[in-house]
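Read through the structure below, which is laid out as structure tokens, and then see the notes.
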Amino acid sequence: MKVAIAQITSSDQPVENLATVLHLMDQSAGQDILFLPEVTNCISVDRAHQFQVLEPYAGNSFIEAVCARARHLGLWVALGSVTVKTADDDGRFANRSVMINAEGEIVAFYDKIHMFDVTLSDTERYHESKGYRPGTKAAVVQTPWAELGLSICYDLRFAALHRALAQAGAQILTVPSAFARPTGAAHWHVLLRARAIETGCFVIASAQTGVHPGSGRKTFGHSLIVGPWGEVILDAGLETGLHFVTLDLGEVDRARARVASLKHDRAFGLKRYHSHDKID
């Protein structure tokens with residue numbers, strides 16, 4: 001499976017970001033599938049600006065342009081995620097991953113389930129659930145080469161989701177991200193390697209990087225591809241760019257044969273002990 005993985009610095013202007021994506025797609029011609037990061041179409045912390053420049057999912061010009069170019073190139077595209085308007089009364093957006101096949105057809109989508117509601121410091125806080133509606137359903141999509149389990153950024157911290165995807169047939173886990181720098185430096189590599197080791201999957205994590213025009217937000221970069229035994233196959237570092245890797249899907253079967261933990265689940269109860277309990 002010949003994959004291209006892109007690391008970019010999206011601005012708050014979808015038209016600019018679309019030009020970047022289409023150029024990356026042209027450069028990926030001849031590969032099987034291109035993986036793009038989270039919020040590819042727009043990074044902004046200004047809700048009013050988002051309402052001005054973003055579109056609903058149906059008839060979305062950004063997605064339609066990517067579909068048209070995918071059809072022209074005969075290229076699958078894992079459009080890591082795009083921010084789209086929803087019909088929710090509270091005006092929240094959806095953070096939606098979109099899978100596009102070589103005919104330019106949307107074959108699957110996934111809305112980010114877990115919301116990044118954290119306080120990293122006195123000056124860096126995120127409350128994603130205020131602006132985004134969480135999804136409710138996980139997704140596995142079949143491609144001609146492998147089955148892909150879809151997740152987005154903060155989902156990475158929830159091992160049960162990725163285990164469920166692997167047990168449903170996923171051989172590759174996608175984790176498109178716009179990781180914050182403090183958590184990226186502390187946790188990014190180890191979490192991605194852990195998800196690969198736990199599931200025996202390849203993990204492909206295309207990331208945003210740098211300082212984002214229009215918002216000033218800073219992201220961690222280091223797009224990774226991790227093998228099913230936990231080895232880092234590619235680390236894109238901090239620079240924007242496009243990387244090409246050929247994956248041997250047989251490695252998934254070999255890793256799972258060595259440690260078949262996906263088949264070893266056992267039901268269990270839980271007892272909470274207290275300091276005053278006496279155990280005979």
Side-chain angles (χ1 to χ4, degrees), residues 3-11 14 17-18 20-21 24-25 28 31 33-43 57 60 62-63 66 70 75-84 93-100 106-116 126 128 132 134-135 138-141 143 146-158 161-162 165 170 172-180 183-184 187-189 191-193 195-196 201-210 212 217 219-226 233-236 240-243 245 247:
V3 307
I5 181 170
Q7 183 158 282
I8 63 177
T9 306
S10 292
S11 73
N17 298 327
L18 177 60
T20 297
V21 168
L24 290 167
M25 291 176 67
S28 300
Q31 302 298 302
I33 183 167
L34 167 64
F35 291 87
L36 293 161
E38 183 185 22
V39 288
T40 294
N41 64 330
C42 181
I43 287 187
Y57 179 65
N60 189 286
F62 190 101
I63 298 172
V66 174
L75 177 70
W76 279 68
V77 180
L79 185 48
S81 84
V82 289
T83 302
V84 296
F93 302 100
N95 189 349
R96 181 164 294 175
S97 184
V98 182
M99 289 295 304
I100 301 165
I106 295 172
V107 295
F109 71 87
Y110 162 75
D111 288 352
K112 184 177 180 181
I113 292 173
H114 300 98
M115 297 288 99
F116 190 51
Y126 299 90
E128 196 171 38
Y132 291 85
V140 175
V141 55
T143 75
E147 295 200 32
L148 275 59
L150 308 184
S151 70
I152 299 172
C153 202
Y154 190 53
D155 286 331
L156 175 60
R157 294 182 180 273
F158 299 85
L161 170 62
H162 297 87
L165 292 170
I172 296 173
L173 302 173
T174 69
V175 193
S177 296
F179 237 65
T183 52
H187 302 147
W188 175 248
H189 287 74
L191 285 172
L192 287 167
R193 293 187 67 205
R195 297 297 86 85
C201 287
F202 283 99
V203 175
I204 299 178
S206 177
Q208 296 277 355
T209 190
H212 296 270
R217 184 176 169 186
T219 51
F220 181 64
H222 291 282
S223 298
L224 290 189
I225 298 179
V226 183
I233 297 170
L234 170 75
D235 184 334
T240 59
L242 189 63
H243 300 267
V245 175
L247 304 182

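Position 1 is the first residue of the sequence, and the numbers go up from there. Computed from a prediction, not measured in an experiment: that's the story for all the values here.
The two residues Ala138 and Leu161 come nearest to each other via the heavy atoms CB-CD1, 3.7 Å.
Contacts of Ser81 classified as side-chain hydrogen bond (donor to acceptor under 3.5 Å, both in side chains), with partners at least two apart in sequence or in another chain: Asn95. Partners of Ser223 by side-chain hydrogen bond (donor to acceptor under 3.5 Å, both in side chains), not counting sequence neighbours, listed by chain and number: Gln7. In this view, Arg217 satisfies the salt bridge (charged side-chain N to carboxylate O under 4.0 Å, His left out) rule with no residue, not counting sequence neighbours. Residues satisfying the side-chain hydrogen bond (donor to acceptor under 3.5 Å, both in side chains) test with Ser206, not counting sequence neighbours, are none. Applying the side-chain hydrogen bond (donor to acceptor under 3.5 Å, both in side chains) criterion to Asp111, with sequence neighbours excluded, gives Arg96, Arg133. Residues passing the salt bridge (charged side-chain N to carboxylate O under 4.0 Å, His left out) test with Glu128 are Lys112, sequence neighbours excluded.
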Does the pair Leu242 and Leu34 meet the rule for a side-chain contact (heavy atoms from CB on, under 4.5 Å), with working shown? CA-CA 9 Å; Leu242 189 63; Leu34 167 64; 3.7 Å; yes
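In this structure a side-chain-to-backbone donor-acceptor pair under 3.5 Å is missing from His243 to Ile5. Panel note: side chain Ser151, backbone Thr174; a donor-acceptor pair is recorded below 3.5 Å. Under the 3.5 Å distance criterion, the side-chain polar atoms of Gln31 are left unmatched by any main-chain donor or acceptor of Leu75. In this structure, the side chain of Gln208 engages the main chain of Ser10 through a donor-acceptor pair within 3.5 Å.
Atom CD1 of Ile204 is separated from atom CD1 of Ile172 by 4.5 Å, given to the nearest 0.5 angstrom. Here the straight-line distance linking atom NE2 of His162 with atom CZ of Arg157 works out to 12.0 Å at 0.5 Å rounding. Interatomic distance, Phe179 CZ to Phe220 CZ, rounded to the nearest 0.5 Å: 9.0 Å.
Residues Thr209 and Thr240 have side chains in contact (heavy-atom distance under 4.5 Å, counting atoms from C-beta outward).
Using bins of under 30°, 30° to 60° and over 60° for the plane-to-plane angle, the ring pair His114/Tyr154 lands in the perpendicular bin.
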